[in-house]
Number of protein chains: 2
Amino acid sequence: MVSLNEQFLKLPESYLFSEIAGRVKAFKAAHPEAEVIRLGIGDVTKPLVPSVIKALRQAVEEMAESKTFRGYGPEQGYDFLRQTIIQKDFMPRGISLETDEVFISDGAKSDIGNITDMLSRENRIAVTDPVYPVYVDSNVMGGRAGELLENGQWSDIVYIPCTAENHFIPELPLVCPDVIYLCLPNNPTGMTLSKSELKKWVDYALENKILILFDAAYAAYIQEEDIPHSIYEIQGAKEVAIEFRSFSKTAGFTGLRCGYTVVPKALTIKMPHREQVSVNRLWNRRQCTKFNGTAYIVQRAAEAIYTEAGQKEIRGIIRYYMENARIIREGLKEAGFEIYGGVNAPYIWLKIPEGINSWAFFDRLLTECQVVGTPGIGFGPSGEGYFRLTAFADQTETRQAIQRIQEKAAGRF
Amino acid sequence: MVSLNEQFLKLPESYLFSEIAGRVKAFKAAHPEAEVIRLGIGDVTKPLVPSVIKALRQAVEEMAESKTFRGYGPEQGYDFLRQTIIQKDFMPRGISLETDEVFISDGAKSDIGNITDMLSRENRIAVTDPVYPVYVDSNVMGGRAGELLENGQWSDIVYIPCTAENHFIPELPLVCPDVIYLCLPNNPTGMTLSKSELKKWVDYALENKILILFDAAYAAYIQEEDIPHSIYEIQGAKEVAIEFRSFSKTAGFTGLRCGYTVVPKALTIKMPHREQVSVNRLWNRRQCTKFNGTAYIVQRAAEAIYTEAGQKEIRGIIRYYMENARIIREGLKEAGFEIYGGVNAPYIWLKIPEGINSWAFFDRLLTECQVVGTPGIGFGPSGEGYFRLTAFADQTETRQAIQRIQEKAAGRF
């Protein structure tokens with residue numbers, strides 16, 4: 001008789017975005033004339049840039065002709081893209097990588113979820129809190145989370161709070177974990193670490209043989225100096241860290257699906273009764289067994305981001321979104337809110353005034369300003385008391401939304 | 001200290017296709033003038049059909065404009081494709097499905113590998129032998145295979161031999177498994193089951209509460225009557241089976257990456273201390289947590305396969321490949337070989353003459369005829385004594401290959 005992975009049954013229904021959708025729908029039904037502005041979901045709105053479209057067009061035509069048609073590609077991705085990534089994303093930062101240390105995928109979410117395949121069930125997982133829910137949920141499925149407690153935490157997961165009290169700088173945990181997820185720049189708080197702050201984590205991992213799963217999906221949004229774009233800017237990181245990158249927010253690929261994962265060969269782990277085991281070889285085996293590569297045309301599109309024209313175009317889009325971030329950040333500060341993030345990330349993390357929780361704030365923002373955001377509690381227990389706004393909407397709408405909040409804010413929020 | 005999933009370490013290096021590549025390379029280095037014809041790897045060679053190219057072009061242009069740009073799509077796939085699949089692949093065969101019973105993915109290999117996420121480690125797995133290696137390897141990673149024995153079998157896996165002796169019709173195993181993989185039409189043997197033969201398996205699964213993982217990647221190649229295209233043509237199958245489909249061999253999507261998986265809501269499993277659990281809900285949760293949907297442009301391309309023009313075009317390609325299959329089948333029969341498959345599948349399974357194993361046969365075919373195939377042992381212990389040829393090459397080359405074998409065969413093989 002077949003039996004299911006009972007860990008799946010522990011997961012509560014993922015209700016965050018469906019609950020948001022439900023509340024917005026109900027509001028619109030009651031107020032059909034209301035013009036609701038969505039600053040909630042982290043999806044891009046700008047179309048693909050001309051260089052990417054050009055590359056897609058060309059690649060589609062290649063697929064139409066026998067001579068240039070491409071069937072199965074390498075599971076790890078085409079060398080043309082892997083090498084371009086190394087030359088453009090890493091070499092300028094003094095990081096050298098070999099081609100087979102870079103794995104192209106259909107997006108960072110797949111890789112971040114699937115990476116847990118390689119981990120034994122015994123690992124103790126640590127996450128910063130609030131956090132991108134996939135880190136926790138994929139480990140619940142893998143049996144590493146324990147039981148869900150009343151406070152919203154999982155019994156076996158180490159939570160590292162990042163709040164205004166510690167300036168969103170995670171502190172080394174009291175209980176030493178085996179695996180740590182770090183997302184920098186951070187979703188949802190929009191905050192980052194300096195090189196010296198990140199170095200503390202790399203040193204801690206080296207000392208305690210901890211694996212760091214480093215999510216750098218928002219690296220392209222970094223504006224300030226001294227903020228590492230890659231964890232491999234820190235000495236020794238290749239021995240402890242896997243890095244995930246995405247073209248979703250870098251170049252509007254949320255609907256095109258492409259990302260990559262770096263697994264350095266220097267990352268080896270001692271197993272009982274074994275020599276050091278290469279994590280790179282294990283990940284390669286995982287991908288060859290359960291994945292068949294990313295679409296050729298999509299990989300050509302990703303390559304085009306790195307051309308001179310492509311870089312200019314995507315930087316223009318990022319500037320546009322970061323101008324939105326500035327509008328939100330400064331506008332809400334003027335309105336008297338305590339604001340974090342939005343400087344090196346497309347996310348603005350807003351401290352909710354005392355005496356109201358994040359779902360109640362959601363409702364007030366929706367009913368009084370017709371603006372949709374995301375309640376902080378949706379990202380973990382330490383997200384309560386906060387609220388996420390994103391910089392991906394249309395600029396005129398973003399201005400309108402902030403204006404509405406400013407007008408209503410005086411003494412009310 | 002981090003620890004790895006030790007099950008990964010049990011997997012021997014996957015050497016089949018790299019060993020083939022190595023031997024071909026060595027031969028070509030020694031004989032630079034030789035014209036080697038490849039009938040080994042199961043990759044398509046015909047370019048994408050005009051209807052698919054047209055849909056891709058249109059979708060690319062949509063992604064270039066704000067008004068028509070698409071960001072994140074549903075993790076489960078767009079309704080336009082899910083509904084088209086139901087209407088065109090299932091309704092004409094008397095099978096009704098709801099939209100949310102169909103999950104679009106980046107290919108059947110991903111889904112077949114990832115489906116094991118949902119299974120507890122305790123399940124006993126059964127495979128027909130020879131078999132597509134992903135079924136076994138993904139369960140090795142999941143800790144369900146036990147240890148690799150000297151005979152090439154895994155100690156905890158139930159092998160169901162399919163050989164000429166039983167006419168490639170798998171017999172119900174002596175040890176009752178919890179999960180059975182069935183690939184029909186079969187890779188590598190090219191053989192199929194009739195409806196009444198498949199019904200035996202569905203009844204067996206119903207009676208013993210076994211989950212059938214039904215791989216129908218080659219359904220489009222079925223030519224004969226009474227061969228089920230979908231397992232859901234068999235009464236009761238919705239209660240026991242998940243079906244995997246692929247556009248790779250149906251429409252040349254090996255480089256474009258799209259497939260789908262059907263998880264009927266009628267498939268529920270009783271868990272200890274629980275009510276019946278819906279497998280559909282579990283798979284949905286898995287996909288929402290670890291997958292972000294397939295590229296919009298690729299889903300539009302897949303939709304175009306189902307238009308009248310698209311159907312005509314892909315049937316033309318399938319006819320072309322099946323003509324290759326006929327050339328191989330009949331040509332090798334004439335040359336005195338015992339031949340299976342190639343009637344309802346693009347694979348021809350050749351019985352190797354007594355006294356020579358499948359790697360030795362590979363070498364003789366390469367050196368004497370300059371033809372590359374795949375040794376049967378690469379697909380499992382019961383594959384020894386057999387050899388796989390594929391129908392996906394250029395037709396002129398296919399004819400040449402068979403002619404060479406015919407010329408050399410007399411008294412030598």
Side-chain angles (χ1 to χ4, degrees), chain A residues 1-6 8-9 11 14 43-44 46-48 53 56-57 60 63-66 69-73 106-107 109-110 113-114 117-120 122-123 134 137-138 141 178-179 208-211 254-257 269 271 274 277 282 285 288-296 298, chain B residues 1-6 8-9 11 14 43-48 53 56-57 60 63-66 69-73 106-107 109-110 113-114 117-120 122-123 134 137-138 141 178-179 208-211 254-257 269 271 274 277 282 285 288-292 294-296 298:
Chain A
M1 183 178 147
V2 59
S3 68
L4 296 173
N5 175 352
E6 60 177 6
F8 269 68
L9 308 179
L11 273 173
S14 168
D43 195 3
V44 298
K46 286 279 181 194
L48 294 176
I53 292 292
L56 278 172
R57 284 183 192 137
V60 167
M63 295 293 277
E65 300 295 332
S66 286
F69 172 78
R70 306 251 190 161
Y72 288 123
D106 64 319
K109 188 180 174 190
S110 300
N114 293 333
D117 278 10
M118 288 198 298
L119 301 177
S120 84
E122 286 67 41
N123 289 290
V134 168
D137 290 357
S138 59
M141 291 175 174
D178 306 305
V179 178
N208 296 287
K209 299 189 189 307
I210 294 166
L211 175 65
T254 52
L256 204 54
R257 311 303 316 137
I269 291 169
M271 294 285 290
R274 300 259 180 180
V277 173
L282 251 57
R285 191 59 200 265
C288 289
T289 302
K290 301 192 191 180
F291 184 58
N292 236 337
T294 300
Y296 168 70
V298 172
Chain B
M1 183 178 146
V2 59
S3 68
L4 297 172
N5 175 353
E6 61 177 5
F8 268 67
L9 307 178
L11 272 175
S14 167
D43 196 3
V44 298
T45 51
K46 286 279 180 194
L48 294 176
I53 292 293
L56 279 172
R57 284 184 192 134
V60 167
M63 295 294 278
E65 301 294 332
S66 286
F69 172 78
R70 306 251 191 161
Y72 287 122
D106 64 320
K109 188 179 173 190
S110 300
N114 293 333
D117 278 11
M118 288 197 298
L119 301 176
S120 84
E122 287 67 42
N123 289 290
V134 168
D137 290 358
S138 58
M141 292 174 173
D178 306 305
V179 178
N208 296 287
K209 300 190 190 308
I210 295 166
L211 174 65
T254 52
L256 204 54
R257 311 304 317 138
I269 291 169
M271 293 286 290
R274 300 259 182 181
V277 173
L282 252 57
R285 190 59 200 264
C288 289
T289 302
K290 301 192 191 180
F291 184 58
N292 235 337
T294 300
Y296 168 70
V298 172

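On a predicted model such as this, the values are computed, not experimentally measured, just so you know. As a basis for the values below, the full set of heavy atoms in this structure was taken, side chains included, without hydrogen atoms, waters or symmetry mates. Proteins get letters first, then strands, A, B, ... in listed order; numbering begins at 1 in each.
Of the two parts of A:F8, only the side chain, counted from C-beta on, holds a non-hydrogen atom closer than 4.5 Å to a non-hydrogen atom of chain B. Contact annotation for A:E6: both backbone and side-chain heavy atoms come within less than 4.5 Å of a heavy atom of chain B. For a residue to count as touching a neighbouring chain, one of its non-hydrogen atoms must lie under 4.5 Å from one of that chain's; by this rule A:M1 touches chain B with backbone and side chain alike. Contact annotation for A:V44: both backbone and side-chain heavy atoms come within less than 4.5 Å of a heavy atom of chain B. For A:K46, the part sitting under 4.5 Å from any heavy atom of chain B is the backbone (N, CA, C, O) and nothing else. Of the atoms belonging to A:M271, it is side-chain heavy atoms, and not backbone ones, that fall under 4.5 Å from chain B. The contact between B:T45 and chain A is made entirely by backbone atoms, counting heavy-atom distances below 4.5 Å.
One distance of note links CD1 of B:I269 with CG of B:L282; it measures 8.5 Å at 0.5 Å rounding. Note that the NZ atom of A:K209 and the OG atom of B:S3 stand 13.5 Å from one another [nearest 0.5 Å]. Taking CG from B:N208 and CG from B:L211, the interatomic distance works out to 13.0 Å, rounded to the nearest 0.5 Å. Between the CG atom of B:L11 and the OG1 atom of A:T289 there is a distance of 6.0 Å, given to the nearest 0.5 Å. Within the model, atoms OG1 of A:T254 and CG of B:N292 stand 8.5 Å from one another, a figure rounded to the nearest 0.5 Å. The line from CG of B:L4 to CE of A:M118 is 7.0 Å long, rounded to the nearest 0.5 Å.
With chain A as the partner, the residue from B:L256, B:I53, B:D43 showing the most heavy-atom pairs under 4.5 Å is B:D43. Among A:G255, A:G113, A:P47, A:G293, the residue with the largest count of heavy-atom pairs under 4.5 Å with chain B is A:P47. For the set A:L48, A:V2, A:T294, the count of heavy-atom pairs under 4.5 angstrom toward chain B peaks at A:V2. Contacts with chain B were tallied for A:M141, A:R70, A:E122; A:M141 has the most, counting heavy-atom pairs under 4.5 Å. When the candidates B:M63, B:K290, B:K109 are compared by the number of heavy-atom contacts under 4.5 Å with chain A, B:K109 comes out ahead. Of all the listed residues (B:L56, B:V179, B:L9), the one sharing the greatest number of non-hydrogen pairs under 4.5 Å with chain A is B:L9.
Annotation: salt bridge (Lys or Arg N to Asp or Glu O under 4.0 Å) contacts of A:D137 (sequence neighbours excluded): B:R285. A search for ring pair (Phe, Tyr, Trp, His ring centres under 6.0 Å) contacts involving A:Y296 returns A:Y78, not counting sequence neighbours.
The residues B:R257 and A:D106 are annotated as not salt-bridged, no charged nitrogen and carboxylate oxygen being separated by less than 4.0 angstrom.
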